[in-house]
**Student:** 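One structure follows; several queries about it will come next.
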Amino acid sequence: MKRKYGILCIWIAFISLICTGHVQAQEAENKLISGLFSGVSFERFAQMVEQRSPYQFFFDPEDIPELSININAYQNTLPQLLNQLFKDTDLHYVIDTEGRVFVTKGRGITLQGAEKLFMPATETDTLPTGEETGKEREERSFAKNRLWQIGSAARSETPTHARLSGLVTSFESGEPIIGAVIYALDHEGRTITDDDGLYSILLPKGRITLVIQSFGAYQEQRQVNLLGDGTLNIAMDDNIISLMEVTVTSEKSANIERPEMGLENISMQSMRKIPAVLGEVDVLRAVITLPGVQTVGEASAGFNVRGGAADQNLILYNNATIYNPTHLFGLFSAFNPDMMENVDLYKAGVPVQYGGRLSSVLDVKGKFGNKEKLEGGGGIGLMTSRLYLEGPLGEKTTFAAGGRSTYSNWLFGLMDEESEFRESRASFHDLNLNMSHEINKNNILKFSGYWSQDAFRFDLDTAFAYSNQNANLSWTHYFNDKLEGEMTIGHDRYAFSIAGELDPLNAFDFGFTMNQSHWRTHFNYDLDDAHNVSFGMNHVLYNLSPGSILPQGQESMVIPEVIGRERGLESAFYIGDEYEVNSKLLLNGGVRLVMYNYLGPNTVNQYPATTIRSEGTLIGQENYGTGEVIETYLGPEVRFSARYSLDNFTAIKAGFNTNRQHVNMLTNTAAIAPTDTWKLSDPHIRPQTGNQVSLGYFKNYKNNIIETSVEVYYRSMRNLVDFGSGANLILNESIEQDILNTEGQAYGVELMAKKTSGKLNGWISYTYSRSLLRTSPQELGEMINDGRWYPSNFDQPHDIMLVGNWEFTKRINTSINANYSTGRPITLPIAKFEYGGAERVFFSDRNDHRIPDYFRVDISFNLEGNHKIRKLAHASWSAGIYNVLGRANPYSVYFAPTNGVLQGYQLSIFAQPIPFITYNFKF
Amino acid sequence: MQQRITHIGIAILLLMACREPYEPELSSFDHNILVVEGYIDIGESPTQFRISRTNPIYGEVASDPQTQAQVSIEGEREGIWTLHNQGEGIYTLEGPLPQNQPYRLTINFENSSYASAFVEPILTPEIGRINFEKSNGGMKIYASTQGNEEARYFLWGYEETWIYRTPFVSYFEYDLELGDFVNRDQLLYQCWDNETSTRVIMESSEKYENNSINNKELLEIPVNSEKLGQRYSILVRQRAIDKDAFAFWENIRRNSDDIGDIFSPLPSFVRGNISNLNQAEEPVIGYVSAGISTEKRIFIDRSDAHPWNAIIPEYRACLVDTISMEDYERHFRVSINVPLYEWCGDFSAVCTAFLATTRNCTDCRMRGGTIDRPSFWEDLSF
């Protein structure tokens with residue numbers, strides 16, 4: 001019986017581990033071996049030894065191709081034989097207590113690590129205790145035991161202390177490591193590396209042991225003789241560590257340490273373990289597993305954070321605003337998983353540099369390529385494939401490029417000729433290019449480009465298409481040790497179109513375009529140990545074409561109609577400070593002053609001040625010239641959060657923040673649909689404003705392995721956009737007549753328990769939340785539900801989420817994802833009557849009923865290839881079933897007359913279990 | 001395998017993957033809502049209310065008239081007037097009411113009582129002008145009026161009346177007893193038909209200079225409609241209402257458009273100003289307004305619409321048959337056929353047959369019209 005690290009054999013290996021692990025777990029060390037091994041290959045030798053003894057061999061045959069064995073053994077121990085065999089080679093071996101023999105080339109492996117790696121799956125999960133980590137730490141520090149002389153005594157911040165700063169990168173990829181904790185053994189004070197992997201810490205002069213703790217639970221140490229201020233860049237070997245990485249890092253110690261509330265960080269590693277439709281690692285699907293984040297249905301990748309609408313989330317990809325973050329009506333998120341470095345979701349405590357949306361900020365950080373070597377990877381699934389490449393371009397430049405595409409169209413072609421979907425087509429692709437160039441030590445230029453395109457149609461008649469296009473350039477400049485600045489300019493474009501083609505007389509082209517140019521300037525100033533000040537300004541120039549319909553072709557009789565363009569300038573100036581009052585109390589506060597100008601050229605409808613806005617009350621129109629300021633809104637935004645640590649494992653946090661939003665999505669679905677248009681705030685539609693207070697209690701157990709939290713929040717929102725009954729949103733030149741000024745409130749409590757590492761990890765969360773709207777009492781028009789509070793489209797009070805991973809071995813893991821939530825509210829037609837000479841339908845109060853509850857369970861298996869550093873490609877498989885129970889969760893309910901009688905229909909998107917499999921590779 | 005992949009494809013990609021009938025459970029209360037429609041007219045015109053209840057959404061009949069109600073009008077300062085039950089849920093009151101006080105409507109059932117809010121009567125200005133104009137082959141009819149400080153929101157309704165004719169005129173009928181043809185007492189070739197507005201037509205005078213509304217489109221008579229085949233009349237009724245009523249009607253108007261597909265909004269409903277006196281939260285549909293409504297009638301002759309080719313689809317298949325003498329009994333007795341003229345051959349003096357056609361083609365009443373001339377009808381005068 002022979003096993004190897006090969007990809008294909010991994011299943012066999014896995015099965016035999018389970019089957020044989022126990023039987024052979026006997027004392028193997030002293031088994032003696034006899035026999036003549038003459039001219040056999042090492043593979044054959046291993047096989048023979050395995051037949052005669054309980055030993056098992058683990059090796060890569062490629063490591064030992066040329067070795068021919070000529071040995072006559074008589075009552076020899078295996079170490080004797082192997083020592084003999086490997087005498088003149090660079091092969092190393094190690095034998096563990098279970099009788100497993102690991103043969104490696106080049107460098108030996110440490111058994112303490114390996115032991116855990118190959119623990120039989122039936123072993124109960126053992127959590128590393130403090131003692132164990134202490135032991136490991138010592139061993140590793142031994143390997144890294146070189147004394148680093150830093151600085152000169154002539155230059156230091158204080159006579160006794162000096163400032164040490166530098167960059168922490170991954171040894172493997174060259175990418176900066178974000179959020180690593182750095183401290184000196186036996187000394188006060190610690191710091192965390194920032195988004196660029198940079199750190200800065202004030203330490204006592206002299207010999208110290210510097211500890212760098214990455215969130216992967218692995219530590220690196222450096223012996224430092226600190227003479228004065230200086231720089232120490234540290235490369236950490238995170239490749240092997242990633243094996244032990246926890247499911248969701250959520251900034252492990254940051255849970256307690258950071259002042260922000262409601263910050264969720266998701267590592268790519270954890271995202272890979274969440275079962276997704278069609279095996280694609282999906283940011284948005286990962287995001288909606290977090291407490292306080294909900295979605296209204298499957299084919300809607302828009303999400304709702306703490307009772308906010310889908311358009312109240314600022315979705316950033318390397319500083320670019322992504323207006324439609326989905327592909328294929330929401331089945332896939334628009335982000336290529338290979339191109340992502342890190343994802344942060346701010347549910348509350350939005351940092352002062354972000355603004356423009358009410359609910360949340362989803363900050364997706366893309367890769368800029370590693371500095372060490374050219375690497376690539378990709379994945380092949382049933383419907384999509386993707387590929388990426390990253391690496392250095394010369395000494396100073398790195399790049400990362402990636403693309404995804406779908407080939408789902410062939411599926412439709414296979415359908416029966418009678419099928420009504422035979423003429424359906426759906427396809428998408430997206431492309432990413434990120435580059436980073438280090439001009440010199442103090443100046444870095446970064447370019448980030450993104451392009452996505454979707455096209456689909458359900459029949460020959462009508463074709464839909466939408467596209468995101470984003471590009472920006474940023475320049476980071478380090479003025480000195482303390483001051484760092486970043487300037488970004490960029491342009492974002494989102495457009496969709498609908499083409500009706502079948503009938504030449506009625507052929508049309510409908511289009512919507514949102515263009516925004518942005519200029520961001522952000523500074524970070526390390527005032528002293530206690531204060532970290534950030535300030536800067538953002539400018540966004542919106543240029544929106546709300547809709548146009550144009551005839552297509554010579555014969556078309558369609559009357560062209562173009563709704564006038566809208567322009568707006570949003571400028572924000574901000575300053576914020578993170579103030580560490582003492583080791584227990586950390587404050588973070590800031591203020592943004594936001595000015596919004598609605599700009600000409602435009603024509604604005606005029607209504608008498610005290611009347612409802614309707615077709616009947618329109619007085620006239622006023623024209624404004626180019627660049628003329630039609631309306632200005634000015635207001636401050638406040639951001640404040642505080643953390644008080646009760647002890648090392650317990651913290652209380654509180655936060656208050658206000659936000660303003662000047663773009664409104666016009667939608668009558670709860671999700672983001674490809675036909676949703678946007679509208680700028682104007683003289684009739686005031687900017688949305690909102691504030692949130694939140695309070696949280698965080699407690700970690702078992703050395704931060706178990707994190708628990710309780711968060712409560714209350715939000716109130718004003719000037720929201722809701723629509724009067726029967727509003728028409730597309731090509732509506734006087735949309736203000738249909739918009740009702742609405743106020744909202746949302747509140748909830750989020751309970752979460754998370755186990756971050758171990759064989760069994762994952763989290764369970766329960767959220768009780770309400771999201772209510774009310775037509776503003778000042779509104780002159782229709783009062784929805786007589787002006788009472790009513791649930792918003794995405795009010796789903798109860799939400800339970802379970803994400804669990806079980807690691808059979810470090811390479812094989814299985815995960816389960818279960819979600820229950822209350823069905824979302826809808827308005828039902830409940831009766832009919834005659835009025836005004838015709839038959840009318842009576843609707844229930846707005847959102848007075850609910851669609852049936854939602855419940856879904858997914859499972860997936862992930863198989864990693866081996867973890868040897870030198871090999872051609874690292875491969876992994878991911879397979880699973882989405883909606884295992886096959887429950888037909890209704891996505892939407894609608895009513896249509898059938899034979900003169902109104903009939904309701906419920907629509908489910910994934911009514912059956914959907915199997916998926918994807919092959920991923922890395923080279 | 002191919003089949004299987006296809007199935008996956010269907011399931012994955014198509015929004016229409018699974019569409020099931022959905023009938024939410026609705027309590028019986030839900031489809032039994034009181035509906036009140038009408039206008040307290042304090043002028044010469046009669047006040048009329050229609051009281052009904054809603055019917056289940058999945059049923060076939062839209063309305064459930066309430067015939068057992070006690071309906072009255074109360075003045076805020078003085079007077080209670082009881083409306084007369086006309087059956088079928090219609091309640092009316094003739095004669096003017098005092099102008100100087102607000103009114104409300106009360107509706108009493110055996111075990112529940114409803115009342116509207118008191119509404120201040122609004123005196124509707126006269127309809128300034130009703131004019132018409134041919135447009136794209138159809139005929140558009142407009143109203144103009146002059147609003148004022150008090151009357152700014154307007155609601156229009158209309159009743160159309162028109163003459164249509166059968167393609168053939170029967171002057172005779174077959175007398176069964178005599179077994180011969182006799183002259184008809186009454187000719188049946190010309191009928192008056194009518195139709196009331198079903199659209200909600202509303203406008204506010206606020207946006208116009210001096211509150212004057214010009215050429216508000218009331219309706220468009222479609223191309224080749226029978227309505228303008230002979231002579232047509234429209235009675236336009238104009239009512240000034242208050243702002244809340246305007247919002248109510250605006251809602252009714254919007255709700256009437258089709259209700260949709262997946263992406264269309266599910267609208268809600270504005271209830272109005274009527275409530276259950278014992279149970280304020282019970283929904284009641286309807287808005288009671290009060291005031292004096294004004295009316296104006298105009299006539300449009302076919303010559304005004306010239307050229308106008310009125311087409312009545314039912315009459316396109318009308319043919320003339322020849323019935324020979326021996327078949328008279330058989331054909332005319334059972335009234336399938338209606339006699340037109342006697343046929344006497346080309347040169348013969350002996351008449352041997354009768355030209356006939358079907359009853360549908362000679363009796364205009366078969367299409368729902370009436371041969372009784374309406375009292376208001378004015379013939380074209382030269």
Side-chain angles (χ1 to χ4, degrees), chain A residues 299 329 408 411-412 414-415 421 424 426 608 611-612 614 616-619 668-669 673 723 725-727 781-782 784-786 826-843 845-846 849 888 892-896 901-912 914, chain B residues 2 5-6 8-24 26 30-31 33 35 37 52-58 60 62-63 153 196-198 200 202-204 206-207 243 246-247 250-252 254-257 259-271 285:
Chain A
F329 358 99
S408 49
L411 289 169
F412 294 105
L414 293 179
M415 287 188 190
F421 301 120
S424 298
T611 58
I612 53 174
S614 81
T617 59
L618 182 68
I619 312 172
N668 32 29
T669 60
F723 303 99
S725 300
E782 179 185 348
I784 301 288
N785 293 3
D786 298 333
I826 52 164
T827 310
L828 287 182
I830 52 174
K832 55 184 174 182
F833 61 99
E834 269 176 31
Y835 212 88
E839 186 176 321
R840 321 273 173 184
V841 172
F842 180 77
F843 288 87
D845 277 346
R846 174 81 56 100
H849 291 75
S892 176
V893 168
Y894 69 100
F895 293 82
V901 177
L902 207 60
Q903 172 67 54
Y905 293 99
Q906 72 173 51
L907 197 69
S908 311
I909 289 156
F910 299 116
Q912 290 97 30
I914 313 290
Chain B
Q2 183 172 315
I5 290 172
T6 311
I8 294 170
I10 294 169
I12 287 165
L13 270 175
L14 300 168
L15 286 164
M16 296 301 167
C18 187
R19 190 181 85 153
E20 292 167 19
Y22 172 68
E23 290 203 4
L26 302 169
D30 281 338
H31 50 71
I33 299 160
V35 182
E37 183 182 6
S52 62
R53 284 188 185 271
T54 58
N55 258 355
I57 190 78
Y58 306 116
E60 285 181 5
S63 183
Y153 300 95
T196 15
S197 51
T198 57
V200 178
M202 49 199 294
E203 181 75 278
S204 157
E206 280 178 315
K207 63 177 173 179
K243 197 167 76 179
F246 193 75
E250 175 80 4
N251 213 274
I252 291 271
R254 287 178 169 178
N255 263 349
S256 312
D257 296 335
I259 359 167
D261 59 316
I262 325 169
F263 293 116
S264 72
L266 288 164
S268 63
F269 209 91
V270 169
R271 278 180 198 145
I285 300 167

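Chain A is the first sequence line, chain B the second, and so forth, proteins listed ahead of strands; every chain is numbered from 1.
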**Student:** Kindly indicate, with the supporting measurements, whether the criterion side chain to side chain contact (heavy atoms under 4.5 Å, CB included) is fulfilled by A/R840 and B/V200.
**Tutor:** CA-CA 12 Å; A/R840 321 273 173 184; B/V200 178; 4.0 Å; yes

**Student:** Rounded to the nearest 0.5 Å, how far apart are CD1 of B/I33 and CZ of A/F842?
**Tutor:**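 Interatomic distance, B/I33 CD1 to A/F842 CZ, rounded to 0.5 Å: 3.5 Å.
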
**Student:** Which atoms of B/S197 come close to chain A, meaning under 4.5 Å heavy atom to heavy atom: side chain ones, backbone ones, both, or neither?
**Tutor:**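 The backbone, not the side chain.
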
**Student:** Rounded to the nearest 0.5 Å, what separates atom OG1 in B/T54 from atom OH in A/Y835?
**Tutor:**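 So the gap between those two atoms works out to 13.5 Å.
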
**Student:** Closest approach of B/E37 and A/E834, non-hydrogen atoms and distance?
**Tutor:**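 Heavy atoms only, the tightest pair is OE1-O, 4.3 Å.
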
